[in-house]
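Data block below; observations after.
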Amino acid sequence: MDRHLRTRRILDTIRDIPEGRVASYGQIADITGLVRGARQVGYALRTLPDGHDVPWHRVITVSGRIAFEKGSSRFKEQRERLMMEGIAVNTGRIDMRTFRWQPDLDELLWKPSSAWDES
DNA sequence: CTGATGACTATAG
DNA sequence: CCTATAGCCATCA
């Protein structure tokens with residue numbers, strides 16, 4: 001698969017995360033149809049172009065933590081953005097059982113291209 | 001081609 | 001809960 005197409009699909013999936021919800025890197029990869037692609041999701045986010053409209057702050061690690069080093073400026077910015085939309089971040093951690101995005105079947109079927117359209 | 005890198009994860013202690 | 005370690009894999013130098 002072409003890398004730009006893959007990146008576009010990853011970002012499209014992230015755009016689907018509703019406000020007030022979070023998803024893990026691996027979850028985004030799975031929904032996008034990438035196998036063991038968590039690191040690729042991280043790479044796509046690392047290379048975001050200026051003027052993007054991707055809610056990058058809603059992507060965290062599977063253990064419910066912000067991936068950046070605690071105390072770093074990026075960590076603080078992400079925590080701020082999350083709290084801004086009502087997501088509790090306690091001691092750098094987020095309760096996945098409460099805030100994890102759980103798209104229903106309808107939502108996934110609406111965008112089947114990501115999973116099996118190779119083009 | 002080869003080795004290093006990283007916004008990842010699962011597992012073990 | 002934490003750290004260490006080992007897989008993971010597209011990119012890059």
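Just so we're on the same page: letters track the sequence lines, and every chain starts at 1. Computation of the quantities below employed the complete heavy-atom set of this structure, encompassing side-chain atoms and omitting hydrogens, waters and symmetry-equivalent molecules.
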For A:I10 and A:Q40, which heavy atoms make the closest approach, and how far apart are they?
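Here A:I10 and A:Q40 meet closest at CD1-O, 4.0 Å.
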Identify the two heavy atoms, one from A:W101 and one from A:Q27, that lie closest to each other, and give their separation to 0.1 Å.
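Closest approach of A:W101 to A:Q27, heavy atoms only: O-NE2, 2.8 Å.
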Going by atom types only, do A:H57 and A:E85 share a side-chain donor-acceptor pair under 3.5 Å?
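The criterion, which ignores hydrogens and geometry beyond distance, is satisfied for A:E85 and A:H57.
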Starting from [atom2] on [N], measure out to [atom1] on [X] and report it in whole angstrom.
| X | N | atom1 | atom2 | result |
| --- | --- | --- | --- | --- |
| A:D30 | B:dC8 | CG | C1' | 12 Å |
| A:L34 | B:dC8 | CG | P | 15 Å |
| A:Y25 | C:dG7 | OH | P | 24 Å |
| A:I10 | C:dA10 | CD1 | P | 11 Å |
| A:L11 | B:dA7 | CG | P | 16 Å |
| A:I60 | B:dC8 | CD1 | P | 12 Å |
| A:I28 | B:dT9 | CD1 | P | 10 Å |
| A:E69 | C:dC2 | CD | P | 15 Å |

With a 4.0 Å limit, can you tell me whether [X] has a side-chain N or O closer than that to the phosphate oxygens OP1/OP2 of [N]?
| X | N | result |
| --- | --- | --- |
| A:R65 | B:dT9 | no |
| A:R39 | B:dA10 | no |
| A:Y43 | C:dC12 | yes |
| A:R46 | B:dC8 | no |

Any idea which of [options] is nearest the [X] side chain?
| X | options | result |
| --- | --- | --- |
| A:R93 | B:dA7, B:dG6, C:dC1 | C:dC1 |
| A:R36 | B:dA7, C:dC1, C:dC8 | C:dC8 |
| A:Q40 | B:dT9, B:dG6, B:dA7 | B:dG6 |
| A:R3 | B:dA7, C:dC12, B:dA10 | C:dC12 |

Mind checking A:S24 for me? I need base, sugar-phosphate or nothing, with any heavy atom below 4.0 Å counting as a touch.
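The answer is sugar-phosphate, as A:S24 gets under 4.0 Å only of primed atoms, P, OP1 or OP2.
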Answer yes or no: is there an ion pair linking A:R81 with A:E77, defined by an N-O contact shorter than 4.0 Å?
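Salt bridge present between A:R81 and A:E77.
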Out of A:R9, A:R8, A:R6, which residue meets the side chain to side chain contact (heavy atoms under 4.5 Å, CB included) rule with A:T32?
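By the side chain to side chain contact (heavy atoms under 4.5 Å, CB included) criterion, A:T32 pairs with just one of A:R9, A:R8, A:R6: A:R9.
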